[in-house]
K.L.:
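The structure under discussion is supplied below as structure tokens; questions concerning it will follow.
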Amino acid sequence: MAPTATYTTTTLDSEPTGFVLPDLVSDCHYPLRLNPHCYPVSRASEQWLLNGARLVEPKITKLMGLHAGELTAACYPDADAFHLRVCSDFLNWLFNMDDWLDEFDVDGTREMRECCIAAFRDPVNFQTDKLGGKMCKSYFGRFMQTGGSGCTERFINTMDLFFIAVALQSDDRAKGWIPDLESYITIRRDTSGCKPCFALIEYAARIDLPDEVMSHPVIMAMEEATNDLVTWSNDIFSYNVEQSRRDTHNMIAVLMREQDLDLQGAVDYLGRLCKSTVQRFEDNRAILPSWGEELDRQVGIYVEGLQNWIIGSLHWSFDSTRYFGKDGHTVKQDRIIKLFPKMSL
């Protein structure tokens, strides 16, 4: 158990100078496993993205500190090297795409959506000059070599939801509008990019669950609980970076406005919501129906994959430099965050 953190979060003018993270890691007891192919696959995937996205400094350094391959290895610990590489390429691409889309307006996001969805539909014959689309062709052409039809369709459909939601987020950002809590939670479940990552659980395990399983309310509730934990904890971990660039697409900003909370109050509130998602996940696991021996075995693999995403994403957030720079391991222990100054307008 990490020590109890105490921190003075206000100055004389009552502006917060920092906050204390909730102890989400110690409260989550799922086993953390790392794929044995982690490091060679991770390094090869990083090189693939460097070449495909034509990154230059400082984005090269940012990519090398991201450690998306390590996140992939924790979330798909049983995948063979080929399938792990496809998953790792996708996650590196997704993080890079997320950064690109932050700089796009609504029309730019719409054009990228059309390009990528077309690449997913026909990765062999679709032609494009867009780097994002070319990388889609690369990893999804490999995906389709073994991906089942249901899993493939789920991936494409949920990627479409991702692009649609990001376009809405871009519009909100341009208008300086902070959505209400209910609207935010709904759109965040799509902007997170978690849903296509869940389709990769099936892909990595070489299973293709039928629609009757994937549309069952209990399975959908477990996916939603996982998405919420990954997403809401990410909003806590990324808040400092996002507030410094005046980005309001964060649940802490939404809670401060809607619930009239100060910064620490919003962080604590969201921390309690994060912990409740794990209980929601377990409550639904306890009432999983049976579809027969073989399907139950496959459902067990899928549910364990969701569990891997919960624990893997929590630990990775401190191993990556994306949120805490090189201080991740210190922050993981003391949980103290000092706010960055806001960028000038």
K.L.:
Evaluate the side-chain proximity of R113 to F162: yes if any heavy-atom separation is below 4.5 Å, no if none is.
P.N.:
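F162 does not reach R113 side chain to side chain.
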K.L.:
Quick one: NE2 on H249 to CH2 on W177, what's the gap to the nearest 0.5 Å?
P.N.:
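So the gap between those two atoms works out to 11.0 Å.
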K.L.:
Give me the atom names and distance for the closest heavy-atom approach of L263 to P16.
P.N.:
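Heavy atoms of L263 and P16 come nearest at CD2-CB, 3.9 Å.
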K.L.:
Is there a donor-acceptor pair under 3.5 Å between the side chain of S317 and the backbone N or O of S313?
P.N.:
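Present.
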K.L.:
So K195 and D160, salt bridge (Lys or Arg N to Asp or Glu O under 4.0 Å) or not? Walk me through it.
P.N.:
CA-CA 10 Å; K195 293 177 180 179; D160 201 26; over 6 Å; no
K.L.:
So for atom CZ, which belongs to F82, do other residues, nucleotides or ligands contribute more than 12 heavy atoms lying within a distance under 6.0 Å?
P.N.:
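Yes, enclosed.
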K.L.:
Checking side-chain polar atoms at under 3.5 Å, does E46 have a donor or acceptor matched by the opposite partner on S42?
P.N.:
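Per modelled atom types, E46 and S42 side chains form no pair under 3.5 Å.
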K.L.:
Under a 3.5 Å distance rule, please check whether D89 uses its side chain to pair with a backbone N or O of Y139 as donor and acceptor.
P.N.:
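No.
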K.L.:
For K275, is there any backbone N or O sitting under 3.5 Å from a side-chain donor or acceptor partner on D27?
P.N.:
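Looks like no, no N/O pair under 3.5 Å.
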K.L.:
Taking atom types as modelled, is there a side-chain donor on Y184 or Q169 under 3.5 Å from an acceptor on the other?
P.N.:
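Their side chains do not contain a donor-acceptor pair, so the 3.5 Å distance test is not met.
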K.L.:
So, taking the atom named OG in S170 and the one named CG in D102, what distance separates them when rounded to the nearest 0.5 Å?
P.N.:
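Rounded to the nearest 0.5 Å, the OG-CG separation comes out at 8.5 Å.
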K.L.:
Taking atom CZ as the centre, does R245 end up with more than 12 heavy-atom neighbours from other residues, nucleotides or ligands that are less than 6.0 angstrom away?
P.N.:
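More than 12 heavy atoms, drawn from other residues, nucleotides or ligands, come within 6.0 Å of this atom.
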K.L.:
Looking only at side chains, do W232 and T277 share a donor and an acceptor under 3.5 Å apart?
P.N.:
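No, no side-chain donor-acceptor pair sits under 3.5 Å.
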K.L.:
Please round to the nearest 0.5 Å and tell me the distance separating atom NZ of K342 and atom OG of S244.
P.N.:
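Separation between the atoms: 8.5 Å.
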K.L.:
Can R142 and S138 be counted as having a side-chain donor-acceptor contact under 3.5 angstrom?
P.N.:
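Side-chain D/A pair, R142 to S138: present.
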K.L.:
If two hydrophobic side chains count as joined below 4.5 Å and joins carry through other members, does M64 share a cluster with L49?
P.N.:
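Yes; L49 is reachable from M64 via cluster members.
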K.L.:
Quick check: do R110 and F163 have side-chain heavy atoms less than 4.5 Å from each other?
P.N.:
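They are not in side-chain contact.
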K.L.:
Would you say F126 and P123 make side-chain contact, with heavy atoms under 4.5 Å?
P.N.:
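Side-chain contact under 4.5 Å: no.
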K.L.:
Does the side chain of H83 pick up a donor-acceptor pair with the side chain of T146 at under 3.5 Å?
P.N.:
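There is such a pair between these side chains.
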K.L.:
Ignoring hydrogens and angles, tell me if any N or O in the side chain of S26 forms a donor-acceptor pair with the backbone of D23 under 3.5 Å.
P.N.:
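A pair under 3.5 Å: no.
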K.L.:
CG/L71 to CG/D319 distance, rounded to the nearest 0.5 angstrom?
P.N.:
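So the gap between those two atoms works out to 10.0 Å.
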K.L.:
Write down the atom of A204, the atom of C87, and the distance for their closest heavy-atom approach.
P.N.:
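So the two residues come closest at CB-SG, 4.2 Å.
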K.L.:
Are T17 and L339 side-chain neighbours, meaning at least one heavy-atom pair lies under 4.5 Å?
P.N.:
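The answer is no, as the side chains (C-beta and beyond) never meet within the 4.5 Å cut-off.
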K.L.:
Any idea which heavy atoms bring I252 and I236 closest together, and the distance?
P.N.:
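Answer, listing the atom of I252 first, then I236: CD1-CA, 3.8 Å.
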K.L.:
With a 4.5 Å heavy-atom cut-off, do M135 and M97 have their side chains touching?
P.N.:
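Contact flag for M135/M97 side chains = no.
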K.L.:
Report yes if some heavy atom in the side chain of C194 is under 4.5 Å from a heavy atom in the side chain of T226; otherwise report no.
P.N.:
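In short, these two side chains do not touch, never coming nearer than 4.5 Å.
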K.L.:
For H329 and F318, indicate whether the former's side chain and the latter's backbone hold a donor-acceptor pair under 3.5 Å.
P.N.:
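The answer is no, because no donor-acceptor pair under 3.5 Å joins these two groups.
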K.L.:
A quick test of your reading: do over 12 heavy atoms of other residues, nucleotides or ligands sit less than 6.0 Å from CD of E57?
P.N.:
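Correct, the count exceeds 12.
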K.L.:
Taking CD in E293 as the centre, count heavy atoms belonging to other residues, nucleotides or ligands within less than 6.0 Å. Is the count above 12?
P.N.:
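Not buried by this count: 12 neighbours or fewer within 6.0 Å.
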K.L.:
Might you work through the salt bridge (Lys or Arg N to Asp or Glu O under 4.0 Å) test for R206 and D78, ending with a clear yes or no?
P.N.:
CA-CA 11 Å; R206 306 286 294 273; D78 299 311; over 6 Å; no
K.L.:
Once you round to the nearest 0.5 Å, how far does CE of M214 lie from CG of L209?
P.N.:
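One gets 5.5 Å once the value is rounded to the nearest 0.5 Å.
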K.L.:
Please confirm whether F155 and F143 have ring centers closer than 6.0 angstrom.
P.N.:
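Distance test on ring centres: under 6.0 Å, yes.
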K.L.:
Using a 4.5 Å cut-off on heavy atoms from C-beta on, say whether the side chain of W100 contacts that of L131.
P.N.:
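Sidechains of W100 and L131: in contact.
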K.L.:
With side-chain contact (heavy atoms from CB on, under 4.5 Å) as the criterion, how do E202 and Q298 come out once you've worked through the C-alpha distance, each side chain's angles and the decisive distance to 0.1 Å?
P.N.:
CA-CA 9 Å; E202 296 179 81; Q298 294 181 25; over 6 Å; no
K.L.:
Side chains of D180 and S183: donor-acceptor distance under 3.5 Å anywhere?
P.N.:
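There is such a pair between these side chains.
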K.L.:
In the single-linkage hydrophobic clustering (I, L, V, M, F, W, Y; side-chain heavy atoms under 4.5 Å), do I185 and L168 co-cluster?
P.N.:
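In one cluster with I185: L168, no.
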K.L.:
In this structure, would L255 and V241 fall into the same cluster of hydrophobic residues linked by side-chain contacts under 4.5 Å?
P.N.:
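Shared cluster, no.
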K.L.:
Are I287 and I219 connected, step by step, through hydrophobic side chains (Ile, Leu, Val, Met, Phe, Trp, Tyr) whose heavy atoms are closer than 4.5 Å?
P.N.:
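Yes, it is one cluster - the side chains of I287 and I219 are joined through contacts under 4.5 Å.
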K.L.:
Just so I know, are the side chains of P289 and H216 near enough to count as touching, which here means a heavy-atom distance under 4.5 Å?
P.N.:
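When only atoms from C-beta onward are counted, H216 and P289 do touch, with a gap below 4.5 Å.
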K.L.:
Has Q243 got a side-chain atom pairing as donor or acceptor with F340's backbone, closer than 3.5 angstrom?
P.N.:
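Yes, Q243 side chain to F340 backbone: donor-acceptor pair under 3.5 Å.
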K.L.:
Which residue, T231, N234, N250, N227, forms the side-chain hydrogen bond (donor to acceptor under 3.5 Å, both in side chains) with R188?
P.N.:
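Only one of T231, N234, N250, N227 forms a side-chain hydrogen bond (donor to acceptor under 3.5 Å, both in side chains) with R188, namely N234.
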K.L.:
Going by atom types alone, do S45 and N92 pair a side-chain donor with an acceptor below 3.5 Å?
P.N.:
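A donor-acceptor contact under 3.5 Å links the two side chains.
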K.L.:
Hey, mind stepping through F140 and D122 against side-chain contact (heavy atoms from CB on, under 4.5 Å) and telling me if it holds?
P.N.:
CA-CA 9 Å; F140 209 67; D122 190 358; over 6 Å; no
K.L.:
May I ask you to check whether Q47 and N51 show a side-chain donor-acceptor distance below 3.5 Å?
P.N.:
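Judged by distance alone, the side chains do pair up.
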K.L.:
Are I187 and M220 linked, directly or through other ILVMFWY residues, by side chains that come within less than 4.5 angstrom of each other?
P.N.:
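Unlinked, I187 and M220 end up in two clusters.
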K.L.:
Between atom CD1 of I311 and atom SG of C75, what is the distance when rounded to the nearest 0.5 Å?
P.N.:
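With rounding to 0.5 Å, CD1 (I311) is 10.0 Å from SG (C75).
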K.L.:
With a 3.5 Å distance limit and no angle check, can you tell me whether E242 reaches the backbone of D247 through a side-chain donor-acceptor pair?
P.N.:
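No, because the side chain of E242 does not come within donor-acceptor range (under 3.5 Å) of the backbone of D247.
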K.L.:
Check the angle between the aromatic planes of F120 and W93 and answer parallel, tilted or perpendicular using the 30° and 60° thresholds.
P.N.:
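If you compare the ring of F120 with that of W93, the planes turn out perpendicular.
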K.L.:
Is the side chain of D171 donor-acceptor paired with the backbone N or O of A167 at a distance under 3.5 Å, no angle test?
P.N.:
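Answer holds: no.
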K.L.:
Using atom types as modelled and distance alone, determine if a side-chain donor or acceptor of D235 lies under 3.5 Å from a backbone N or O of M251.
P.N.:
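It does hold such a pair.
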K.L.:
What heavy-atom pair brings P77 and P36 nearest, and what distance separates the two atoms?
P.N.:
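Closest approach of P77 to P36: O-CD, 3.8 Å.
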K.L.:
Give me the atom names and distance for the closest heavy-atom approach of L306 to I201.
P.N.:
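It is N-CD1, 3.6 Å.
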K.L.:
In sequence, state the C-alpha distance, the side-chain angles, and the governing distance for D268 and R272, and then conclude on side-chain contact (heavy atoms from CB on, under 4.5 Å).
P.N.:
CA-CA 6 Å; D268 293 344; R272 291 191 294 272; 3.9 Å; yes
K.L.:
Step by step, work out the side-chain contact (heavy atoms from CB on, under 4.5 Å) result for F324 and K332.
P.N.:
CA-CA 10 Å; F324 308 116; K332 193 176 188 180; over 6 Å; no
K.L.:
Using only heavy-atom distances, determine whether the side chains of W309 and Y76 contain a donor-acceptor pair under 3.5 Å.
P.N.:
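Indeed, the side chains of W309 and Y76 share at least one donor-acceptor pair under 3.5 Å.
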K.L.:
Within the distance-only criterion (no hydrogens, no angle test), does the side chain of D190 pair as donor or acceptor with the backbone N or O of L161 below 3.5 angstrom?
P.N.:
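No.
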K.L.:
Can D283 and Q279 be counted as having a side-chain donor-acceptor contact under 3.5 angstrom?
P.N.:
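Yes - a donor-acceptor pair under 3.5 Å links their side chains.
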K.L.:
For the pair R189 and E182, evaluate salt bridge (Lys or Arg N to Asp or Glu O under 4.0 Å) and give the outcome as yes or no after the intermediate values.
P.N.:
CA-CA 11 Å; R189 286 169 177 158; E182 185 177 354; over 6 Å; no
